[in-house]
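Please read the structure below before turning to the comments.
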Amino acid sequence: MITAAAVTALPVLGLAVPAAAHDEDATLHWENYEKITLTKNVGEPIDLAVLPDNRVLHTARSGEVRLTDPKTGVTKVVNTIPVYQNSEMGLQTVTLDPGFAENHWVYLYYSPKLNTPAGSAPTRCPRARTTRTGSSGRATTSCRGSSGPASRWT
């Protein structure tokens, strides 16, 4: 009886009552979500952004930006960005401007193609110099204009 009176008095006194376990944030529980396949035509998917009308923009590492309309189930490539694609590089993130409803701005984060050579990082320096040292004839190769362990190998 005393406990019930004390708990009842807390709100009257302006003191907070701890929230019950069932009042937790529903977004923290996976069972409150439904998995829906938007499309299987996605390339190598990286990120997505849901537009105010529930259409979904999604990126692929290859530089393709796709738009899926969940009402019709149609997915189409709406743009292709020329990207440098190697390892973790390529088209990454898509996000909407906070004022998207008014300005329709979409931001993309990607690796620009530029003059980057295709494939993995070079295994040799294009202007390398090889020198032999000592009676063992040990060869050391280094890049001109560079110094330090990152630019030399034996």
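Nothing fancy with the numbering, it's 1 onward along the sequence.
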Once you measure the plane-to-plane angle for Phe100 and His104, does it fall in the parallel (<30°), tilted (30-60°) or perpendicular (>60°) bin?
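Perpendicular, since the angle between the ring planes exceeds 60°.
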Side chains of Leu48 and Val50 in contact at under 4.5 Å (non-hydrogen atoms)
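Result yes, sub-4.5 Å side-chain heavy-atom pair found.
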Would you check if Leu108 and Val65 make a side-chain contact, meaning some heavy-atom pair closer than 4.5 Å?
yes
Where [X] and [Y] come nearest, the two heavy atoms and their spacing:
{"X": "Glu88", "Y": "Arg61", "result": "O-NH1, 3.0 Å"}
{"X": "Val77", "Y": "Thr80", "result": "CG1-OG1, 3.7 Å"}
{"X": "Lys40", "Y": "Thr37", "result": "CG-CG2, 4.3 Å"}

Working to the nearest 0.5 Å, report the span between [atom1] of [X] and [atom2] of [Y].
{"X": "Glu44", "Y": "Glu64", "atom1": "CD", "atom2": "CD", "result": "11.5 Å"}
{"X": "Leu67", "Y": "Thr39", "atom1": "CG", "atom2": "OG1", "result": "11.0 Å"}
{"X": "Thr27", "Y": "Asn32", "atom1": "OG1", "atom2": "CG", "result": "8.5 Å"}
{"X": "Ile46", "Y": "Gln92", "atom1": "CD1", "atom2": "CD", "result": "5.5 Å"}
{"X": "Arg66", "Y": "Thr59", "atom1": "CZ", "atom2": "OG1", "result": "9.5 Å"}
{"X": "Thr68", "Y": "Ile36", "atom1": "OG1", "atom2": "CD1", "result": "12.5 Å"}

So does Tyr110 get a backbone contact from the side chain of Tyr84, meaning a donor-acceptor N/O pair under 3.5 Å?
no
Is the backbone N or O of Tyr107 less than 3.5 Å from a side-chain atom of Thr95, with the two atoms forming a donor-acceptor pair by type?
no
Quick check: is Val42 connected to Val78 through a chain of hydrophobic side chains (ILVMFWY, heavy atoms under 4.5 Å apart)?
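Result: no, two separate clusters.
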Decide, yes or no, whether a salt bridge links Arg55 with Asp53 under the criterion of side-chain N to carboxylate O below 4.0 Å.
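Salt bridge present between Arg55 and Asp53.
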Would you please test Gln85 and Lys113 for side-chain contact (heavy atoms from CB on, under 4.5 Å) and show each step?
CA-CA 8 Å; Gln85 186 181 352; Lys113 201 160 187 116; over 6 Å; no
Please lay out, stage by stage, how Val106 and Val94 fare under the test side-chain contact (heavy atoms from CB on, under 4.5 Å).
CA-CA 7 Å; Val106 173; Val94 57; 3.5 Å; yes
